[in-house]
Amino acid sequence: QRRVHGDYQFNRMPHSYGVRARTRSLFAKPFRRHGQDPISRMLVNYHIGDYADIIVDGSKHLGMPHKFYYGKTGRIFDISKRAVGIVINKRVRNKVLPKRLHVRIEHLQKSKCRSEFLNRIKENDKKKAIAKKDNKKVSTKRKPVEPIEGHFVELGKTKVEFINPKPYTYLYQPHTNIKTYQ
């Protein structure tokens, strides 16, 4: 359809609501990552209970999840020959529904959301082992950053700097010798 308005012409495209609508940049491969996928993606071992991120590979059309689930993290509940069952929480109005998807492993990657938590557990175990040797108790709870303690500032070592506002000045000075005709 062509619409003419003044001297300009607008081409109107029909609107689409397909399954892959508005995914031009979402499913596109990143810069310099085109071509064949590395074999390491297929050799990742997934276990039931692991967390995985859904990152869709647009060049593989089989086992591709819907665009809504791109970038979502879920927990693996089933493993089959070529696909992985993953549970993702989807918010629908005021409810959170657990959605169960079967996604091929080309569209998955292991999540790093728990790596910091697991590292903290290992560090706490080391602290507990050292405390047990010394017959001491150690707290493994995380503590928020406390404010800086009060202290005196010695004026001999620093300079006192006064910060005062600048006086107001006109940025534009109107001309006074302009003649007005009446």
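Keep in mind it's a predicted model, so treat the numbers as computed, not measured. Heads up: numbering here begins at 1 and tracks the sequence.
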- How is the hydrophobic cluster of F117 composed, in terms of its other members, when Ile, Leu, Val, Met, Phe, Trp and Tyr link through side-chain heavy atoms under 4.5 Å apart, directly or indirectly? L118, I121
- Message: One pair to check against salt bridge (Lys or Arg N to Asp or Glu O under 4.0 Å): D37 and K29. What are the steps and the verdict?
- Response: CA-CA 11 Å; D37 291 331; K29 288 206 170 190; 2.9 Å; yes
Shortest non-hydrogen contact from [X] toward [Y]:
X: V56; Y: P65; answer: CG2-CG, 3.8 Å
X: S16; Y: R22; answer: O-NH1, 3.5 Å
X: V138; Y: A131; answer: CG1-CB, 3.8 Å

- Could you go step by step and tell me if R120 and R142 meet the side-chain contact (heavy atoms from CB on, under 4.5 Å) rule? CA-CA 10 Å; R120 195 161 51 84; R142 291 175 291 176; 3.6 Å; yes
Just wondering, do [Y] and [X] contact through their side chains at under 4.5 Å, heavy atoms?
X: V44; Y: I105; result: no
X: V19; Y: K67; result: no
X: V160; Y: L155; result: yes
X: K60; Y: D57; result: yes
X: L108; Y: V84; result: yes
X: F77; Y: H102; result: yes
X: R104; Y: L62; result: yes
X: K72; Y: K90; result: no

- Task: Quick one: do I79 and I48 satisfy side-chain contact (heavy atoms from CB on, under 4.5 Å)? Show the steps, please.
- Result: CA-CA 7 Å; I79 296 170; I48 293 174; 4.1 Å; yes
- Could you go through the side-chain contact (heavy atoms from CB on, under 4.5 Å) check for I88 and L101 one step at a time? CA-CA 8 Å; I88 291 173; L101 313 172; 4.0 Å; yes
- Pairing of E154 and K157 as salt bridge, 4.0 angstrom limit: yes
Calculate, to the nearest 0.5 Å, the distance between atoms [atom1] and [atom2] belonging to [X] and [Y] respectively.
X: Q109; Y: I54; atom1: CD; atom2: CD1; answer: 11.0 Å
X: R114; Y: Y51; atom1: CZ; atom2: OH; answer: 5.5 Å
X: N164; Y: E161; atom1: CG; atom2: CD; answer: 10.5 Å
X: H47; Y: K110; atom1: NE2; atom2: NZ; answer: 5.0 Å
X: S59; Y: Q36; atom1: OG; atom2: CD; answer: 10.0 Å
X: R20; Y: T23; atom1: CZ; atom2: OG1; answer: 5.0 Å

- Message: Check for me, please, whether V87 and V92 land in the same ILVMFWY cluster - side-chain distances under 4.5 Å, paths through other members count.
- Response: no
- Linking I/L/V/M/F/W/Y whenever any side-chain heavy atoms sit under 4.5 Å apart, do L26 and M64 land together? yes
- Message: Test side-chain contact (heavy atoms from CB on, under 4.5 Å) on R82 and E106; report intermediate values, then the result.
- Response: CA-CA 9 Å; R82 292 179 191 87; E106 293 97 60; 6.0 Å; no
- Task: Look only at the side chain of D50 and the backbone of Y46, and say whether a donor-acceptor pair between them is shorter than 3.5 Å.
- Result: no
- Look at the side chain of S111 and the backbone N and O of C113, then say whether any donor-acceptor pair between them is shorter than 3.5 Å. yes
- Message: Under the criterion ring pair (Phe, Tyr, Trp, His ring centres under 6.0 Å), I'd like the reasoning laid out for F27 against H61: C-alpha separation, chi angles, the key distance, then a yes or no.
- Response: CA-CA 11 Å; F27 288 168; H61 299 161; 9.4 Å; no
